[in-house]
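Have a look at the structure below before the remarks.
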Protein chains: 2
Amino acid sequence: MNEPRRLAAVAVELPEGMTPPGTRGQVLHAALALFAEYGFHGTSIRDIARRVGITSASLYAHYPAKADILAALVLLGHQELHTRLQRALVTAGTSPGGQLAALVRAHVLAHADYPLLATVANSELHALTAEQAAPALALREQSRHLLLEVLRHGTATGAFTVADELLAAVAVGSIGLRVAAWFGPDQPYTREEVADAFAEFALRIVDATTARERQR
Amino acid sequence: MNEPRRLAAVAVELPEGMTPPGTRGQVLHAALALFAEYGFHGTSIRDIARRVGITSASLYAHYPAKADILAALVLLGHQELHTRLQRALVTAGTSPGGQLAALVRAHVLAHADYPLLATVANSELHALTAEQAAPALALREQSRHLLLEVLRHGTATGAFTVADELLAAVAVGSIGLRVAAWFGPDQPYTREEVADAFAEFALRIVDATTARERQR
DNA sequence: GTCTATATCTTGATAGAC
DNA sequence: GTCTATCAAGATATAGAC
């Protein structure tokens with residue numbers, strides 16, 4: 001284990017309600033903090049056990065293998081994000097600009113609220129086998145599809161002006177994803193300020209016009 | 001070592017001229033491919049040695065420790081990016097819009113040309129001690145400063161309209177950084193197409209006005 | 001610079017008692 | 001569910017011959 005901190009974040013947090021109770025949940029919390037900081041291969045099962053306050057042998061009463069702990073975290077992270085994106089879209093109304101802003105705000109807020117989870121879900125996924133990663137990757141594809149559909153609808157109706165929706169989706173997604181890496185309590189912004197600013201950037205990327213502007 | 005591929009990229013490449021000759025360079029190439037695919041802790045010195053065609057003991061004739069190989073790669077990656085950004089700015093002229101476009105193009109192209117190097121330099125940096133990471137982090141700060149100065153100059157002269165230059169810099173940087181993660185020969189775009197599209201997005205993010213528009 | 005051989009430690013995981 | 005004890009394998013790194 002090494003010294004430099006990988007993340008500015010302090011609070012280790014997992015989404016409520018979706019986390020298993022008791023020791024099983026404590027294992028998840030401990031593994032999340034360690035995987036985010038040192039990576040999956042940089043963390044030993046003894047490290048996790050020590051943080052929970054049990055021995056490494058006791059871990060196996062809760063998870064069959066180390067990789068299964070990671071798989072649970074990766075899936076949880078993708079579920080939380082997808083749920084938030086869906087909720088955002090449902091309450092966003094019908095204007096393409098409003099929908100895009102809602103998606104970006106939800107994306108940013110999810111990464112601001114659970115930076116550790118987002119980091120582990122995204123950059124430790126390679127430590128899983130294809131079968132273990134599959135459920136999370138399926139969710140990721142669905143989330144990507146939500147954004148893509150909003151962009152396509154926006155360009156089709158003339159609300160957006162984008163040469164290539166796929167590239168726009170990648171760009172918009174990138175600014176939200178990276179929030180997990182830099183945002184934290186050390187930054188001079190609230191999570192809402194970042195969400196608003198990045199939603200505005202997304203609208204600019206697609207050259208969104210308001211209804212009033214279109215009437216001119 | 002696991003199965004799923006972390007990157008779509010195929011060609012393992014390091015910037016010419018900056019790479020040491022002979023076996024020392026081969027070690028760097030081998031470690032780059034493995035670190036990018038499996039992570040620093042997911043790669044053993046035996047893996048690296050096998051790929052070069054020597055034994056693990058022979059590695060120590062070239063690098064004092066495994067972490068020193070990573071440190072060399074991380075520094076190389078940051079040097080290559082910073083050099084490209086500087087070159088881009090020098091030949092960009094004096095218009096803020098042109099300077100921003102040049103920076104973004106260089107940023108995107110660097111990540112498209114050396115995705116493995118960018119991945120290792122960015123997401124395996126946490127495996128280094130603070131002293132080992134320091135030179136690379138210093139270069140990163142300088143690169144960040146280049147972008148920030150262009151944004152500040154643009155807003156100060158009225159060429160850009162941005163509420164917060166720091167947030168704009170993060171957003172613009174994010175779309176370039178992520179290129180290493182998704183762009184590859186499997187994508188239906190050339191590197192130039194992505195660079196042009198993302199430069200346009202950056203100009204939209206800062207609401208860049210052309211000289212002619214300002215005269216109205 | 002490369003090798004064989006090895007020291008030393010840590011790893012993920014299991015056996016079996018309580 | 002937790003423990004102690006342990007296994008077998010893999011890790012980084014070194015010693016010393018050629």
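Hydrogens, waters and symmetry mates are skipped; everything else that's a heavy atom, side chains included, is used. Just so it is clear: chains get the letters A, B, ... in the order the sequence lines come, proteins before strands, and each one is counted from 1.
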May I ask you to decide if [Y]'s main-chain N or O and [X]'s side chain share a donor-acceptor pair within less than 3.5 Å?
X: B:Q132; Y: B:T129; result: yes
X: A:D47; Y: A:S44; result: yes
X: B:E165; Y: B:R152; result: no
X: B:T43; Y: B:L34; result: yes
X: B:E80; Y: B:A110; result: no

Contact letters for nucleotides 3-18 of chain D, in which S counts primed atoms plus P, OP1 and OP2 and B counts the base, heavy atoms under 4.0 Å
BB------BBBBB---

Among residues 20-27 of chain B, which contact DNA chain C at a heavy-atom distance under 4.0 Å?
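Residues of residues 20-27 of chain B that come under 4.0 Å of DNA chain C are, in numerical order, B:T23.
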
For the pair A:R191 and A:D196, find out whether any cationic side-chain nitrogen is under 4.0 Å from an anionic carboxylate oxygen.
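Answer for the salt bridge query: no.
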
A:Q142 and A:H82: side-chain donor and acceptor closer than 3.5 Å?
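Yes, A:H82 and A:Q142 have a side-chain donor paired with an acceptor closer than 3.5 Å.
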
What is the distance from OH of A:Y38 to P of C:dT11, rounded to the nearest Å?
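Result: 13 Å.
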
Output every pair passing side chain to side chain donor-acceptor pair (under 3.5 Å) with a member in residues 58-70 of chain B, not counting sequence neighbours, ordered by first then second residue.
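Those involving residues 58-70 of chain B are B:T55-B:S58.
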
